[in-house]
Amino acid sequence: MPELPEVEVTRLGVSPYLVEQRVTGLVLRRAGLRWPFPADLAQKVVGQTVQSTGRRGKYLLIVFKKGTLIIHLGMSGHIRILPIHTPAQLHDHMDIVLGEQLLRLTDPRRFGAVLWHDAADGAIEQYPLLQRLGMEPLTEQFNGAVLYTATRHRKIAVKQMLLAGDVVVGVGNIYASESLFISGINPYTPSSELTLARYKKLALAIQKILADAITKGGSSLRDFVGVDGQSGYFQQNYYVYDRTGLPCRKCNTLIQQVKQGQRSTFYCVKCQK
DNA sequence: ATCTAATCCTGTAGGC
DNA sequence: TGCCTACAGGATTAGA
C-alpha cells in the first residue's frame with residue numbers, strides 16, 4: 001500500500017543503482033498496467049544514462065537527458081534491484097536492465113502505471129497526469145494556510161479532501177485517518193468550516209507522520225536489493241487505522257470504522273470533534 | 001465549480 | 001474442505 005513515504009523510500013533505495021548507470025535493456029511482459037506501456041519505450045530508454053531520480057506525489061521519476069520515465073506503484077506495486085537473469089515470476093511486468101543488474105517492477109493488481117514524458121527534469125509538471133496535483137507536503141511552502149485558502153469553497157469532508165490530492169499530495173487512506181486523529185479533527189468536517197488554526201495543526205500532523213514514516217522505512221532500504229522486496233512498514237504503530245473496535249490510545253473510547261466515498265475511515269468520536 | 005460513483009485487478013479473509 | 005462474496009488499496013474518468 002504505497003503512500004508517499006513508501007514511494008520515497010523506494011526512490012532512495014533504488015537511486016544508487018540507477019543514477020549514472022546506462023540502460024542496456026528493457027523487458028516488458030505484458031502490454032501495460034493501468035494504461036498501455038508507451039509504445040516505443042525501449043527506443044526511448046535503452047542506451048540512455050539515468051541522470052537522477054525524483055518524486056512527485058506518489059509518482060516515481062527516473063530522469064534521462066531526453067525525457068522522464070514516470071512510474072506509479074498503484075496499490076500493490078513494488079520495485080526491486082536484482083541480479084540480471086533472475087527468473088521472472090507471476091506479476092513481474094517490467095525489467096529495466098542496467099549492466100549486471102535490473103530494476104524489476106512487480107504489481108499483482110496492476111493499478112500501477114509506467115509512462116514517459118518527452119522532457120527532462122524541470123518540465124515534468126507539464127505532463128497531463130501531474131498537472132492537477134496539489135502541493136508537496138514535505139516542503140517549506142506547505143503549511144496550514146495552504147490548506148485553509150484552498151478550501152474556502154470546498155464543502156467536501158476534510159478526510160476526502162486530503163485523499164483527493166488536488167490540495168496536498170501523498171496522503172493516502174492510512175495517513176489521512178492518522179493525521180486527522182493527531183490533529184483532533186472529525187473526518188466528516190466540511191473542509192470550508194475548519195479554521196486556520198486547526199489547519200495549522202493538521203498540516204504539522206501530516207508533515208510529521210510522513211517524515212517519521214520515511215525515517216522508519218529508510219532503516220530497511222537494503223530490502224530493495226534482494227528477494228523479499230517489501231520494506232519496513234510492519235512495525236508501524238497506528239493510532240486509529242485498522243484499529244476498529246479497539247480502545248483509543250488516548251482516551252480508551254472504541255475506535256469507529258465508517259465509510260466515506262467508498263473508503264474506510266477510522267476515528268475516535270471523543271478525541272476528534 | 002464541485003462532488004459522487006464507477007472503474008481498473010487480484011489476494012485474502014470471512015461466512016455458510 | 002470449498003465455494004461465494006466483500007473488501008482492500010490509488011486515482012482517473014464519466015456523469016450528476
Side-chain angles (χ1 to χ4, degrees), chain A residues 1-11 29-38 55-61 70-79 88-94 105-115 117 124-125 127-137 147 149-179 187-194 206 210 213 217 228-231 233-234 236 238 240-245 255-266:
Chain A
M1 48 195 100
E3 299 195 19
L4 183 150
E6 191 161 356
V7 177
E8 181 64 10
V9 168
T10 297
R11 187 185 73 79
R29 299 194 178 82
R30 57 180 308 117
L33 300 174
R34 181 191 185 111
W35 294 291
F37 291 130
R55 180 186 55 75
R56 180 70 175 96
K58 297 167 189 167
Y59 293 89
L60 176 65
L61 310 176
I70 304 168
I71 299 176
H72 197 293
L73 298 176
M75 70 137 286
S76 60
H78 66 272
I79 283 174
Q89 298 182 304
L90 189 66
H91 307 312
D92 290 344
H93 307 307
M94 178 180 76
L105 172 62
T106 307
D107 184 4
R109 288 176 219 182
R110 309 208 298 271
F111 279 24
V114 176
L115 307 158
H117 183 46
I124 197 67
E125 292 290 327
Y127 192 80
L129 277 176
L130 306 186
Q131 267 182 357
R132 293 183 177 178
L133 295 183
M135 189 175 285
E136 287 290 331
L147 296 177
T149 56
T151 53
R152 290 309 82 204
H153 300 289
R154 300 288 292 270
K155 193 187 155 210
I156 191 173
V158 59
K159 158 71 168 11
Q160 291 171 270
M161 179 274 289
L162 291 177
L163 234 43
D166 57 335
V167 177
V168 58
V169 297
V171 184
N173 206 40
I174 296 172
Y175 295 125
S177 284
E178 291 293 298
S179 61
Y188 285 106
T189 313
S191 303
S192 59
E193 291 182 11
L194 283 168
I206 290 169
L210 294 181
D228 259 342
Q230 286 305 353
S231 76
Y233 275 75
F234 325 104
Q236 202 71 262
Y238 298 124
V240 290
Y241 180 79
D242 205 25
R243 298 197 66 242
T244 312
I255 298 301
Q256 299 288 306
Q257 177 175 358
V258 296
K259 285 279 187 196
Q260 287 183 283
Q262 322 283 69
R263 309 296 300 280
S264 286
T265 297
F266 305 84

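Model, not experiment: these values are computed from the prediction. Chain letters run A, B, ... following the sequence lines, proteins first and then strands; every chain starts at 1.
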- Pairs satisfying salt bridge (charged side-chain N to carboxylate O under 4.0 Å, His left out), at least one member in residues 160-170 of chain A, at least two apart: A:R154-A:D166
- Would you mind reading off the distance between A:L60 atom CG and C:dG10 atom P, rounded to a whole angstrom? 17 Å
- A:Y175 side chain N/O closer than 4.0 Å to the phosphate oxygens (OP1, OP2) of C:dG10? no
- Query: Can you check the A:D242 CG to C:dA8 C1' distance for me, whole Å?
  - Reply: 10 Å
- Message: Taking only side-chain N and O atoms of A:S76, does any of them lie within less than 4.0 angstrom of OP1 or OP2 on C:dA8?
- Response: no
- Any sub-3.5 Å donor-acceptor pair from A:S179's side-chain atoms to A:A176's backbone N or O? yes
- Note on the structure: Whole-Å distance, A:I71 CD1 to C:dA11 P, equals 15 Å
- Task: Check for a donor-acceptor pair, side chain of A:R152 on one end and backbone N or O of A:S192 on the other, with a separation under 3.5 Å.
- Result: yes
- Message: Is the shortest side-chain heavy-atom distance between A:W35 and A:L129 below 4.5 Å?
- Response: yes
- Task: Measure from CG on A:L163 to P on C:dA11 and round the result to the nearest Å.
- Result: 8 Å
- Query: Where do A:R56 and A:E136 land on the salt bridge (charged side-chain N to carboxylate O under 4.0 Å, His left out) test, with the steps shown first?
  - Reply: CA-CA 7 Å; A:R56 180 70 175 96; A:E136 287 290 331; 2.9 Å; yes
- Item | Interatomic distance, A:Y238 OH vs C:dA8 C1' [rounded to whole Å] | 13 Å
- May I ask you to verify if any side-chain N or O of A:H72 is less than 4.0 angstrom from the OP1 or OP2 atom of C:dA11? yes
- Could you tell me the separation between the CG atom of A:L33 and the C1' atom of C:dA11, rounded to a whole number of Å? 15 Å
- Looking at A:K155, does any N or O in its side chain come under 4.0 Å of the phosphate oxygens OP1/OP2 on B:dC3? no
- Name the nucleic acid region contacted by A:L129, choosing base, sugar-phosphate or nothing; use a 4.0 angstrom heavy-atom cut-off, strictly under. sugar-phosphate
- Note on the structure: Separation of C:dG10 atom P from A:L73 atom CG, nearest Å, is 12 Å
- Query: Does any N or O in the side chain of A:E178 come within less than 3.5 Å of the main-chain N or O of A:V240, such that one atom is a donor and the other an acceptor?
  - Reply: yes
- Item | Donor-acceptor contact present, side-chain A:Q260 to main-chain A:P187, <3.5 Å | yes
- Which letters describe nucleotides 4-14 of chain B, given B = protein heavy atom under 4.0 Å from base, S = only from sugar-phosphate, - = neither? S-S-BBBS---
- Message: Please confirm whether the shortest side-chain N or O distance from A:Q257 to OP1 or OP2 of C:dA8 is below 4.0 Å.
- Response: yes
- Query: Hey, does A:Q260 reach any base, or is it just sugar-phosphate, or nothing, if we go heavy atoms under 4.0 Å?
  - Reply: nothing
- Message: Students often get this wrong, so: under 4.0 angstrom with heavy atoms, is A:R154 touching a base, only sugar-phosphate, or nothing?
- Response: sugar-phosphate
- Message: Using whole Å, what does the distance between atom P of nucleotide C:dA11 and atom CG of A:L130 come to?
- Response: 11 Å
